[in-house]
Amino acid sequence: MKYDHKTVEPKWQKKWEEKGVFYAENGSRKPKYYALIEFPYPSGQGLHVGHPRPYTALDIVARKRRLQGYNVLYPIGWDAFGLPAENYAIKNHAHPREFTEKNIAHFKQQIQSLGISFDWSREISTIDPDYYKWTQWIFLQLYKKGLAYKKEMNVNWCTSCKCVLANEEVVNGVCERCGSEVVHKVKSQWMLKITEYAQRLIDDLDLVDYPERVKAQQKNWIGRSTGAEVDFDTTAGDKLTVYTTRPDTLYGATYMVISPEHPFVEKWADKLTNLAAVREYQDQAAKKSDFERTEMAKEKTGVRLEGVSAINPLTKKEIPIFVSDYVLVSYGTGAIMAVPAHDTRDWEFARKFHLPIIEVVKGGNVQEEAFTDCETGVMVNSGILDGLTVEEAKKRITEHLEETGIGHAKVNFKLRDWVFSRQRYWGEPIPMVYCEKCGWVPLPESELPLTLPEVESYEPTDNGESPLAHMTDWVNTTCPHCGGPAKRETDTMPQWAGSSWYFLRYMDPHNDKAFASKEALDYWAPVDWYNGGMEHTTLHLLYSRFWYKFLYDLGAVPTPEPYAKRTSHGMILGEDGQKMSKSRGNVINPDDVVDEYGADTMRLYEMFIGDFEKTAPWSSAGIKGCRRFVERFWNLQSLLCGEKGIRPDVESAFHKAIKKVSEDTETLKFNTAIAALMTLMNVVTEKGSITKEELAVFTLLLNPFAPHITEEMWEICSLGDGMAAEQSWPAYDEAKCKEDTVEIVVQVCGKVRARLNVPAGISKEDALRLAKEEEKIRGEIAGKSVVKEIYVPGKLVNLVVK
RNA sequence: GCCGCUAUGGCGGAACUGGCAGACGCAAGGGACUUAAAAUCCCUCGGUGGAAACACUGUACCGGUUCGAUUCCGGUUAGCGGCACCA
């Protein structure tokens with residue numbers, strides 16, 4: 001009796017859809033459960049075998065929750081704006097929308113063939129004007145609260161995409177997407193003040209259940225540090241303010257450095273006797289790309305500002321000021337006090353420029369290398385601080401700075417504001433208008449959505465303007481404020497905009513009065529379980545937490561954090577252990593797998609492949625093993641016998657399996673859950689028969705993993721009323737998970753010497769007595785004295801002899 | 001350099017809270033069925049010695065704690081991910 005997945009799988013997919021079994025209900029009185037996967041970007045390549053891994057994992061959770069009586073929301077949509085569609089459009093003179101919609105249709109058909117229990121009635125797409133109306137609406141709220149602003153700034157510019165990038169999108173000095181060189185350009189950009197939320201984005205990680213590595217990465221990225229700002233007097237008269245995390249080393253500051261972009265260079269121009277050399281250095285620094293700047297990091301460079309010097313506020317000594325690109329304009333005050341004895345970079349610089357190195361923390365040899373240890377040292381050469389530990393000195397000096405007005409304690413973050421404009425067509429238009437008289441004016445909310453106009457050319461311009469800039473009819477408008485002539489913003493939003501709030505739209509996707517109703521938000525928020533890739537930790541995950549917190553402050557959402565629990569899946573590699581790619585020729589197409597083995601086998605295999613959180617190589621032999629399991633399950637119907645109920649000799653096997661599967665599906669251990677089902681299969685086939693009740697339990701346990709074959713089994717064996725998907729999750733009895741007799745191990749001095757079969761509840765005394773009576777053990781302990789007896793209930797006896 | 005993580009058979013991987021290392025699956029070898037093959041079923045399967053019972057040994061490496069360590073502690077090595085001149 002061969003199992004034919006090609007007729008069974010489409011049959012059930014159709015039935016589920018017709019009956020709407022997976023539709024979530026708003027306003028239900030049942031407890032809710034919201035499971036979420038990252039909505040895909042519908043690329044031209046179609047579905048990858050990596051996609052079904054997280055989809056199946058949360059599908060198992062969602063299906064199990066439904067069987068447990070929850071009203072489950074498990075939605076999907078499309079993150080459909082994005083560069084590939086625009087590039088395709090440029091190349092083929094087609095509209096990016098057509099291309100994207102074709103891809104969506106393809107993705108949808110592929111995903112539906114996997115039997116994932118998504119609620120398709122809530123499908124959304126970020127390119128839908130009814131959707132991006134609310135993306136624009138949120139932007140307007142940010143603007144109204146002063147969290148969106150336009151600023152001339154030095155931005156990352158991808159030379160190939162001809163577009164600015166957020167800091168998060170620059171990886172090793174090149175464009176994250178295309179790998180091309182990234183250079184600096186001064187441009188006027190819309191910015192979002194994510195820095196305003198830096199502290200809360202760290203603090204509220206305590207409220208959520210995320211993997212430690214995700215929390216650590218976000219904290220790292222936000223980069224909080226504590227220290228002090230200190231004012232140094234200069235011979236030019238101006239105070240030069242620096243930020244330092246080591247105010248304790250202030251007595252050791254022997255020179256200062258400002259970044260090449262620091263405004264004081266301009267301010268002091270007429271006082272500098274070597275202005276030409278300084279200008280030359282600034283020009284060189286400006287020309288360097290991020291990549292070059294990182295490469296050059298090995299060798300320190302710089303120029304002294306001749307004609308101006310600073311005064312160390314504690315030692316009152318005059319110290320030189322340098323300009324060097326090892327100081328970044330964007331962090332702290334763009335200027336530092338250099339303490340070569342206790343900072344590696346300052347030490348290198350001091351060595352190169354023959355500057356004095358003064359030890360202020362004892363413990364190392366500062367002529368050999370910088371001593372940066374904060375734990376062991378004691379302060380020296382430091383006036384009021386002498387004899388204190390570093391920690392004490394930090395506290396003492398900060399008090400002193402505040403008393404004398406020289407400085408104050410200060411917290412700094414590495415996190416930068418979010419560059420929000422893109423010089424591209426295929427994104428949400430930014431709903432802002434520029435009026436000569438009124439400046440930037442937001443579009444009235446009643447005019448949303450501001451839709452994308454049809455253009456003829458999608459080619460971005462070399463001067464850095466969006467293709468929309470050519471659309472004079474669209475660009476020229478009237479000022480909503482004064483009614484005079486005005487121009488629209490022609491930059492669009494980044495792809496991260498639509499994905500920063502999509503999970504809220506699923507709660508109430510057809511609402512035209514609000515992004516979601518209060519009732520829907522109160523019922524569904526927060527997301528109970530959100531699974532997604534590690535690569536989004538400092539991008540999407542951080543951005544969406546920021547937007548959600550902003551909405552929380554507006555009173556628009558009910559909880560401080562959007563996602564109660566976050567997990568991450570590992571990638572699926574090619575059979576050769578390499579990342580799948582066309583050029584390596586190791587790509588597995590999910591359509592082929594579904595066609596040959598069926599969706600159930602594919603799902604089981606992707607869950608059985610290994611630790612869910614780790615990468616795992618595809619194995620075509622491995623998937624055959626899962627197909628074998630599916631067929632063995634199918635053949636259980638031939639073992640059906642006339643007996644009733646769950647029979648005593650297999651009862652504990654069933655209860656153990658229910659327990660194991662129930663628990664493991666909650667902790668991402670899908671591989672061992674399936675192993676438990678395989679073990680149960682071995683027990684049943686060994687026994688050679690199965691009752692209807694036993695088969696019903698088996699079928700329900702397997703249902704979340706392999707939904708199609710289990711529905712078919714449920715139906716043809718008449719295992720109960722309705723569909724398998726409409727039943728209740730099997731319950732186990734802890735007492736019945738235990739066997740009547742257990743095998744305990746008898747060790748002598750920690751080495752296994754015998755095994756005993758004893759009744760499960762045996763007492764310590766009986767176990768020890770039986771162990772000592774055992775033939776083998778008697779021999780081992782004869783003539784020796786037992787100095788210690790250890791008994792671990794139901795597991796082992798250990799006799800320590802001398 | 002900093003932060004986080006990992007290391008177990010031929011392979012993917014199990015092992016609760018310190019208690020039988022290698023569950024489950026794959027591959028391999030042997031056998032049954034078959035004219036043959038596929039499929040299916042049965043047996044073996046970390047290493048060394050042994051016909052076998054069994055013994056010794058074994059979870060990257062060195063050391064420690066413990067009756068007992070894959071698990072805890074200290075150190076080393078290798079690999080993965082993130083950040084990186086952030087003062």
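No experiment lies behind these values; they were computed from the predicted model shown.
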R213(A)/E613(A) ion pair, N-O < 4.0 Å: yes

R628(A) has a side chain; which of A23(B), U40(B), A87(B) sits nearest to it? U40(B)

Between E348(A) and K300(A), is there a salt bridge with N-O shorter than 4.0 Å? yes

Which nucleotide, A87(B), C20(B), A14(B), lies nearest any side-chain atom of V745(A)? C20(B)

Identify whether any heavy atom of K669(A) sits under 4.0 Å from a base atom; if not, whether one sits that close to sugar-phosphate; answer base, sugar-phosphate or nothing. sugar-phosphate

Scanning all shown strands, the Watson-Crick or wobble mate of C2(B) with both distances under 3.5 Å is G82(B)

Euclidean distance for C1', U17(B) against C72(B) (whole angstrom): 12 Å

Any idea which of G25(B), C3(B), C20(B) is nearest the N220(A) side chain? C3(B)

For U44(B), which nucleotide in any strand shown is its Watson-Crick or wobble partner with both distances under 3.5 Å? A28(B)

With a 4.0 Å cut-off on heavy atoms, is K751(A) in touch with a base, just the backbone sugar-phosphate, or nothing at all? sugar-phosphate

When the nearest nucleotide of RNA chain B is assigned to L415(A) and to K795(A) on a heavy-atom basis, which residue is associated with the more 5' position? K795(A)

Sub-3.5 Å donor-acceptor pair from the side chain of W347(A) to the main-chain atoms of V366(A), do we have one? yes

N/O (side chain, Y331(A)) to phosphate O (OP1/OP2, A87(B)) under 4.0 Å: yes

Spacing of the P atoms in U70(B) and C3(B) (rounded, Å): 29 Å

Could you check how far CG of N635(A) sits from C1' of U40(B), rounded to whole Å? 10 Å

Can you tell which of A87(B), G25(B), C67(B) lies closest to the side chain of K788(A)? C67(B)

Heavy-atom nearest nucleotide on RNA chain B for Q747(A) versus Y243(A): which residue maps closer to 5'? Q747(A)

Ionic contact status for E38(A) with R566(A), cut-off 4.0 Å: yes

For G19(B), does either OP1 or OP2 sit under 4.0 Å from a side-chain N or O belonging to N798(A)? no

OP1 or OP2 of C20(B) sitting under 4.0 Å from any side-chain N/O of R753(A)? no

If you compare every side-chain N and O of T344(A) against the phosphate oxygens of G1(B) (OP1, OP2), does one of them come in below 4.0 Å? no

Below the 4.0 Å mark, does A39(B) have OP1 or OP2 next to a side-chain nitrogen or oxygen of R627(A)? no

Between atom CG in D611(A) and atom C1' in A23(B), what is the gap in whole Å? 16 Å

Using 4.0 Å as the upper bound for N to carboxylate O, is an ion pair formed by E299(A) and K352(A)? yes

Given A23(B), G4(B), C26(B), the nucleotide with the shortest approach to the side chain of A675(A): A23(B)

Side chain of K614(A) - closest among C67(B), G82(B), U6(B): U6(B)

Given G12(B), A84(B), A87(B), which nucleotide is nearest the side-chain atoms of F608(A)? G12(B)

Which base, if any, makes a Watson-Crick or G-U wobble pair with A36(B), both distances under 3.5 Å? none

Between G13(B) and A60(B), how far is it from one P atom to the other, in whole Å? 15 Å

Rounded distance in Å - CE (M681(A)) to C1' (C41(B)): 15 Å

Taking N and O atoms by type only, does the side chain of K414(A) place a donor or acceptor under 3.5 Å from a partner on the base of C83(B)? no

Should G9(B) be called syn or anti, with syn set as within 90° of 0? syn

Does N671(A) have a side-chain nitrogen or oxygen under 4.0 Å from the phosphate oxygens OP1 or OP2 of A23(B)? no

If we take the C1' atom in both U44(B) and U59(B), what is their distance in whole Å? 23 Å

Between C24(B) and C45(B), how far apart are the P atoms? Round to whole Å, please. 13 Å

Other residues, nucleotides, ligands: >12 heavy atoms within 6.0 Å of E369(A) CD: no

Quantified in whole Å, what is the C1' atom distance between nucleotide U40(B) and nucleotide G46(B)? 29 Å

Below 4.0 angstrom from OP1 or OP2 of U40(B), is there any side-chain N or O of R632(A)? no

With rounding to the nearest 0.5 angstrom, report the CG to NZ distance, N798(A) to K788(A). 9.5 Å

Pairwise C1' distance, C61(B) and A78(B) [rounded to whole Å]: 10 Å

When you measure from the side chain of V752(A), which nucleotide among A15(B), C26(B), C20(B) comes out closest? C20(B)

For atom CD1 of I674(A) and atom P of C26(B), their distance in whole Å: 13 Å

Name the closest nucleotide to the W221(A) side chain, picking from C26(B), C83(B), A15(B). C83(B)

Go ahead and name the base partner of G68(B); Watson-Crick or wobble counts if both distances stay under 3.5 Å, otherwise write none. none

With rounding to whole Å, what would you report as the distance between A32(B) and A39(B) at their C1' atoms? 14 Å

At 4.0 Å (heavy atoms only), tell me whether A621(A) reaches a base, stays on the sugar-phosphate, or touches nothing. sugar-phosphate

Under 4.0 Å between a side-chain nitrogen and a carboxylate oxygen: does that hold for D4(A) and K6(A)? no

Watson-Crick or G-U wobble partner for G50(B), using a 3.5 Å limit on both distances? none

